[in-house]
Q: 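One structure, as structure tokens, below. Some questions next.
Proteins come first, then strands; the chains are lettered A, B, ... in the order of their sequence lines, and each starts at number 1. If you're wondering where the values come from, they're calculated on a predicted model, not measured in any experiment.
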Amino acid sequence: MTVRLFVPGDMAAVAVGADDVALALRVAATKAGLAVQIVRNGSRGLFGLEPLVEVQTASGRIGFAGVAATDVPALVAADLFEGSNRHPKCIGDPGDLPFFRRQTRLTFARCGLTDPQSLDDYRAYGGYLGLERALAMTSETLVETVKLSGLRGRGGAGFPTGIKWDTVRLAPAAQKYIVCNADEGDSGTFADRMIMEGDPFVLIEGMTIAAVCVGATLGYVYIRSEYPFAIAAMQRAIQTARAAGLLGTGVAGSSHAFDIQVRVGAGAYVCGEETALLESIEGKRGQVRAKPPLPAHIGLFGQPTVINNVLSLAAIPFILAEGAEAYRDFGVGRSRGTMPIQLAGDLRNGGLFETPFGVTLGALVDDIGGGTASGLPVRAVQVGGPLGAYFPNALFDTPFDYEAFATRGGLIGHAGVVVFNETVNMAAQARFAMAFCAVESCGKCTPCRIGSTRGVEVIDRIIQGQDRAANVAVLEDLCETMKFGSLCALGGFTPYPVMSALTYFPQDFGAVAPQTETVG
Amino acid sequence: MERHQGDEMTLPVWDNTTAQEIIESLASEPGALLPILHALQERFGWICDDAVPAIAEALNWSRAEVHGVLTFYHDFRRSPPGRHVLKLCQAEACQARGGREVTQRAQQRLGIELGETTADGTMTFDPIYCLGLCASGPAALIDGAPVARLTAERIESLITKALT
């Protein structure tokens with residue numbers, strides 16, 4: 001009998017030695033004369049466990065956490081291949097850990113469990129049921145289903161996905177496009193990467209359903225160059241889908257034609273902005289376009305284009321397979337469904353936590369995240385990437401939903417949560433936000449291009465104590481100009497981290513009177 | 001695309017004939033410029049200015065437009081990299097896990113700043129903004145291979161290993 005082992009091929013697992021572990025296991029099995037199948041699954045998403053080796057046993061899977069290649073002889077001696085839980089690194093069924101039991105995995109249902117490149121595995125876990133349902137619907141019913149689900153763009157802007165699709169669906173054009181924004185540049189986010197590496201067919205299926213709905217025949221996945229594993233995984237899965245007749249002329253035996261190409265970014269953060277991304281696919285500088293016209297009317301190569309984030313498209317197969325209500329019934333207020341939240345930075349339980357909207361920031365950090373990995377107290381949490389606000393402990397009661405964060409002067413963005421301990425210097429973080437904006441600005445609009453450079457200079461003067469009050473006023477004024485005068489979120493949202501740092505942590509900017517870290 | 005840690009970057013020297021073939025093989029793609037620039041850099045490790053007029057000719061663009069794109073994107077190099085390339089994450093999540101200390105140690109060990117190549121051409125040291133390894137940082141790519149959970153000591157030994 002062949003022993004089935006799982007060693008994640010996820011970039012985060014490989015970065016801590018998973019390839020060496022897989023090789024050592026293969027060598028050990030050969031030596032023992034055992035037939036083994038080593039599945040390079042996606043990561044389950046609790047990165048402290050990596051490399052996590054799992055063995056399929058008669059009564060389910062058991063895991064061994066934090067395995068190094070040098071541990072393999074001892075694991076084999078403790079009958080790992082026989083499914084024994086004797087070795088101290090055994091953690092039982094990883095799915096039973098509280099971190100996983102407390103999640104509601106709709107989008108990430110398969111990630112970490114299946115062989116990402118196996119179409120049979122994907123189908124065995126409910127894959128392509130959504131497309132089957134979609135093909136049986138009129139485009140009108142299909143778009144109504146997406147609207148009813150309440151799904152909003154998971155890239156950060158939170159625009160209703162169904163309305164976007166309907167605009168493209170109703171736009172008359174000979175050629176329409178589906179563009180998947182996989183330019184996941186926000187620090188503290190990795191959900192797009194995990195899906196592309198760990199369950200690529202769900203994205204392909206989601207894009208295909210979008211294409212069927214709006215009548216598009218070509219799709220592009222624009223993946224950042226910093227994600228070499230995701231690029232390879234998507235390219236391979238697209239070939240598999242083509243060979244199986246799920247892409248190409250006559251998708252899944254229907255009359256719809258649709259194919260997908262992978263395009264690779266080149267290290268420009270601003271290309272995560274949808275119009276800059278379209279420019280980049282067209283082979284140009286990644287400069288932001290003024291809106292209107294919306295990409296839904298005049299998008300890629302001047303044609304009507306659906307441009308959605310990876311997580312928006314990956315949520316679609318569930319919505320079609322299980323029904324709009326099944327998705328909509330999760331969540332709070334106008335934030336429906338689940339959000340794959342990414343817990344990062346100085347946290348004990350860093351990883352992917354998919355949950356209905358409404359969980360508080362404090363629960364994510366202290367409870368689910370388990371507090372800091374360093375053991376030092378938490379000082380600030382940045383939510384939403386480099387353009388997100390820094391929240392102090394006093395704001396930990398903020399529920400995770402689009403509106404609640406906006407009310408508190410923040411944004412959830414792509415749902416990255418980065419935890420900083422008490423050693424952080426918030427003036428340095430504010431300076432970094434401006435410096436990052438200066439490096440990454442596309443240069444098209446003045447508030448962002450010039451404002452960010454002036455912002456670094458002003459913060460430097462504040463830190464050095466030069467005319468502090470006057471320079472703080474200049475910084476506030478500058479942030480106001482950037483916020484309301486920039487073309488896109490890069491210049492428009494850089495004030496969030498800067499102003500939140502200044503508001504909640506004034507002592508780091510040399511404020512004379514020591515102030516407590518309370519809500520302003 | 002994926003390279004293994006410690007692999008020497010044995011890239012061919014720039015050659016206009018091969019470059020021309022690469023350009024022509026991709027020129028008919030819609031939005032061909034980025035795929036062309038990626039393919040050239042994949043082959044040679046950098047993009048020689050000689051390619052600019054050749055690409056402009058093939059795409060029927062102006063040289064200024066091609067130059068504009070080539071210089072817009074951080075990934076594209078206009079001079080050959082060192083034999084090894086270290087890309088160390090500078091973004092917030094890695095900062096929150098001690099990334100600034102790791103960067104400082106790498107700078108000390110190499111004697112250069114971010115964005116520079118050692119005088120003997122052995123290593124290029126570049127910043128990178130997020131590898132999506134944010135719960136396992138500080139993270140880096142060494143000759144294309146990902147490494148995470150870095151400490152100041154570990155980056156120093158990884159650099160030493162790559163250089164010897």
Q: In terms of heavy-atom proximity below 4.5 Å to chain A, should I128(B) be classed as side chain, backbone, both, or neither?
A: side chain
Q: Checking L141(B) against chain A: side chain, backbone, both or neither under 4.5 Å from a heavy atom?
A: side chain
Q: I need the residue from G137(B), C89(B), G99(B), A91(B) with the largest number of non-hydrogen atom pairs under 4.5 Å to chain A.
A: A91(B)
Q: Measure distances from V439(A) to the heavy atoms of chain B and classify the residue's part below 4.5 Å as side chain, backbone, both or neither.
A: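 For V439(A), backbone and side chain are both near chain B.
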Q: Below 4.5 Å from any heavy atom of chain B, which atoms of S280(A) appear? Answer side chain, backbone, both or neither.
A: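 Both parts, heavy atoms under 4.5 Å.
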Q: Over 60° means perpendicular and under 30° means parallel, so classify the ring planes of F190(A) and F47(A), tilted if in between.
A: perpendicular
Q: Side chain, backbone, both or neither: which part of P30(B) has a heavy atom under 4.5 Å from chain A?
A: both
Q: Please classify the contact between A230(A) and chain B as side chain, backbone, both or neither, with a heavy-atom cut-off of under 4.5 Å.
A: neither
Q: Does D19(A) form a salt bridge (Lys or Arg N to Asp or Glu O under 4.0 Å) with R40(A)? I'd like the steps, not just the answer.
A: CA-CA 9 Å; D19(A) 281 355; R40(A) 301 307 301 268; 2.8 Å; yes
Q: Relative to each other, are the rings of F44(B) and W14(B) parallel, tilted or perpendicular (30° and 60° limits)?
A: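 Taking W14(B) first and then F44(B), their aromatic rings sit tilted (interplane angle of 30° to 60°).
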Q: First locate atom CD of Q95(B), then atom CZ of R100(B), and finally report the distance between them rounded to the nearest 0.5 Å.
A: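 Q95(B) CD to R100(B) CZ: 4.0 Å, rounded to 0.5 Å.
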Q: D186(A) versus chain B, heavy atoms under 4.5 Å apart: side chain, backbone, both or neither?
A: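 Just its backbone gets close to chain B.
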Q: How about N181(A) and N309(A): does a side-chain donor come under 3.5 Å of a side-chain acceptor?
A: no
Q: If you count heavy-atom pairs under 4.5 Å with chain A, which of P138(B), C130(B), A139(B) comes out on top?
A: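 The option with the most such pairs is C130(B).
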Q: Under 6.0 Å between ring centres: does that hold for Y129(B) and Y269(A)?
A: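 No - the distance between ring centres of Y129(B) and Y269(A) does not fall below the 6.0 Å cut-off.
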Q: Measure from the ring center of Y390(A) to the ring center of Y496(A) and say whether it is less than 6.0 Å.
A: no
Q: Name the region of F301(A), side chain, backbone, both or neither, that has any atom closer than 4.5 Å to a heavy atom of chain B.
A: side chain
Q: Would you mind telling me which of G350(A), G283(A), G385(A) has the largest number of heavy-atom pairs within less than 4.5 Å of chain B?
A: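 Most heavy-atom pairs under 4.5 Å with chain B: G283(A).
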Q: Check each atom of F432(A) against the heavy atoms of chain B and say whether the ones under 4.5 Å are side chain, backbone, both or neither.
A: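 The answer is the side chain of F432(A).
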Q: Please flag which part of E184(A) lies under 4.5 Å from any non-hydrogen atom of chain B: side chain, backbone, both or neither.
A: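 For E184(A), neither part sits under 4.5 Å from chain B.
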Q: For the pair R379(A) and D508(A), find out whether any cationic side-chain nitrogen is under 4.0 Å from an anionic carboxylate oxygen.
A: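 Yes.
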Q: Look at the aromatic rings of F76(B) and Y73(B) and report parallel, tilted or perpendicular, splitting at 30° and 60°.
A: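 Judged by the thresholds at 30° and 60°, the geometry between F76(B) and Y73(B) is perpendicular.
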Q: Rounded to the nearest 0.5 Å, what's the gap from NZ on K444(A) to CZ on R449(A)? Could you check?
A: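 One gets 11.5 Å once the value is rounded to the nearest 0.5 Å.
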Q: In plain terms, say whether R105(B) and E101(B) are close enough for a salt bridge, that is, a side-chain N and a carboxylate O under 4.0 Å apart.
A: no
Q: Which one, P497(A), C442(A), A380(A), leads in non-hydrogen pairs under 4.5 Å with chain B?
A: C442(A)
Q: I'd like to verify something: which residue of G286(A), A268(A), G443(A), G48(A) has the highest number of heavy-atom pairs under 4.5 Å with chain B?
A: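 The candidate making the most pairs under 4.5 Å is G286(A).
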Q: With only heavy atoms counted, which part of V14(A) is less than 4.5 Å from chain B, the side chain, the backbone, both or neither?
A: both
Q: Tell me, for C271(A) versus chain B, whether the close heavy atoms (under 4.5 Å) come from the side chain, the backbone, both or neither.
A: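 When you check distances to chain B, only side chain atoms of C271(A) fall under 4.5 Å.
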Q: Would you mind checking which part of Q261(A) comes under 4.5 Å of any heavy atom in chain B, side chain (CB onward), backbone (N, CA, C, O), both or neither?
A: side chain
Q: One thing to verify: whether R44(A) and D10(A) come together as a salt bridge, which I'm taking to mean a side-chain N less than 4.0 angstrom from a carboxylate O.
A: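 Salt bridge flag = no for R44(A) with D10(A).
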Q: Report the option among P386(A), G351(A), A12(A) that has the most heavy-atom pairs separated by less than 4.5 Å from atoms of chain B.
A: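 With the most close heavy-atom pairs to chain B, the winner is P386(A).
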Q: Among G265(A), G185(A), G17(A), which has the most heavy-atom pairs under 4.5 Å with chain B?
A: G265(A)
